[in-house]
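Numbers restart at 1 for each chain; the letters A, B, ... are given by sequence-line order, proteins then strands.
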Number of protein chains: 2
Amino acid sequence: MGSLPRKIEIREANQALILEAAEKIFAMNGFKGATTGAIAREAGLPKANVHYYFKTKLDLYREVLRYILSDWMSAASTFEAHDDPAEALRTYVTAKMAFSRKRPYGSRVWAREIMSGAPVLEEFLGTTLKAWVKERTGIIRCWIRAGKIKAVDPQALLYMIWATTQHYADFERQIIILNSGNELSESRYRQRTRQVVDLVLGSVGLTSQVR
Amino acid sequence: MGSLPRKIEIREANQALILEAAEKIFAMNGFKGATTGAIAREAGLPKANVHYYFKTKLDLYREVLRYILSDWMSAASTFEAHDDPAEALRTYVTAKMAFSRKRPYGSRVWAREIMSGAPVLEEFLGTTLKAWVKERTGIIRCWIRAGKIKAVDPQALLYMIWATTQHYADFERQIIILNSGNELSESRYRQRTRQVVDLVLGSVGLTSQVR
DNA sequence: TGGTATCTTGACCCAACGGTCAACATACGC
DNA sequence: GCGTATGTTGACCGTTGGGTCAAGATACCA
């Protein structure tokens, strides 16, 4: 199948397998609570094999976070795709909701890392994310000065968007239980995404055009 | 000092000491990641003493959750304190923000429990909380029918309020790092509380009277 | 086909874990 | 003061944890 040497194929396939298993186990139990044995079991490999591809548990954890970060940043980049605040916010919130749906484990690993004091993500938060926030709050301030949206605190708005969208990943279990044990269907989730968009737009004084 | 027998005094004081320490350690590392040794160290007691007051780690964990729940429910009860939606929402959001400020560890233990699949809280969520949500969404639907607020999805609104207010406890570390390493001062936090209230009111079409 | 680099794995090591226990200390009713 | 119930603690136990290793299997190049 693949044209590249089989050895490399195997290596990448196994690494991906382990990373995916690790993301799930770390999401479930956090860094300290996760065991390399559980990760190996989840991946269907012997423990020693996990340690062959990733020297230590911390190395593996760092790799998982790096993997999540790349997806997070690509959702983040949708923010400035539009000039119009309504369109920009709608696109961003929709992208974040999609991320929560597609990678709930990733979101939970992130949340647990922060709750543990962000020992690994500290540097990223203090540099890349901080710069991102500064830029984005600048854009929001522009919108306010231009009278395009209500005068809200940009950071409070950003945090509300993060919190609300990530809630659907991090608290998925709670949402399911409150929904009588049923997962939100694909169509219900799309509907909910629209409702969240409407709430966010409403919070800055923009009424959704559809209604 | 105390008029009640010293033995009981000692017992309650030690239990409270251990519970507080446990809440912090569980918040930091989750159930599996936390160790009874770490809890004992945090409480300034030998490990065996912790096991004297709480038979197993799971017992202690359950007790910590029960302790948190009582505070959570008292914040929840502020919801129906007012007839006017603006006043009710303001009061509720303010109470939840105060809870996040006062008991950040409790909020994080809750979050971690849910992310682990809610093995212990499952029953509470499926009964008490579910009933609470049903009642509250009913109230919100009333407001909508009466034309007092915009027609938003009640559950989506509730989840947004939970997510946003709990974000200030669960992601405290991230917020601090994004704030150049400084905690939000008491006055900044009060200001932020008002900003969050404004966003929530805005999302349902109510403009804060103050502005 | 033979040699080398990479992959696979059961067995193993030691530290740390949750939990127990027996010996001792303290408080309190009598 | 004396006996008993409660509180305190270092030492200990069996298990599980992260990580290692050496011996074998597999893929690749010449």
Separation of atom [atom1] in [X] from atom [atom2] in [N], rounded to whole Å:
X       : N      : atom1 : atom2 : answer
B:Ile39 : C:dC17 : CD1   : P     : 11 Å
A:His51 : C:dC12 : NE2   : P     : 19 Å
B:Asn14 : C:dA27 : CG    : P     : 13 Å
A:Lys57 : D:dT16 : NZ    : P     : 16 Å
A:Leu58 : D:dG17 : CG    : C1'   : 16 Å
B:Asp59 : C:dT20 : CG    : P     : 10 Å
B:Tyr61 : C:dG18 : OH    : C1'   : 17 Å
B:Arg41 : D:dG10 : CZ    : P     : 14 Å

Among C:dG19, D:dT8, D:dT9, the nucleotide that comes nearest once only the side chain of B:Pro46 is considered: D:dT9
side-chain N/O [X] vs [N] OP1/OP2, d < 4.0 Å:
X       : N      : answer
A:Tyr53 : C:dT6  : no
A:Tyr52 : C:dC7  : yes
B:Arg11 : D:dT6  : no
A:Asn49 : C:dG10 : no

Closest-nucleotide ordering on DNA chain C, the 5'-leading residue of A:Val50 and A:Lys32: A:Val50
Between [X] and [Y], a side-chain donor and acceptor under 3.5 Å:
X        : Y        : value
B:Glu20  : B:Tyr105 : no
B:Tyr159 : A:Arg192 : no
B:Ser180 : A:Lys130 : yes
B:Thr78  : B:Lys96  : no
A:Trp162 : B:Gln174 : no
A:Arg188 : A:Thr193 : no

Any N/O donor-acceptor pair, B:Lys47 side-chain to C:dG19 base, under 3.5 Å: yes
With 3.5 Å as the limit, what N/O pairs link the protein to nucleotides 21-23 of chain D?
none

Sugar-phosphate only, base, or nothing, as touched by A:Ala34 at under 4.0 Å among non-hydrogen atoms: sugar-phosphate
Other residues, nucleotides, ligands: >12 heavy atoms within 6.0 Å of B:Tyr53 OH: yes
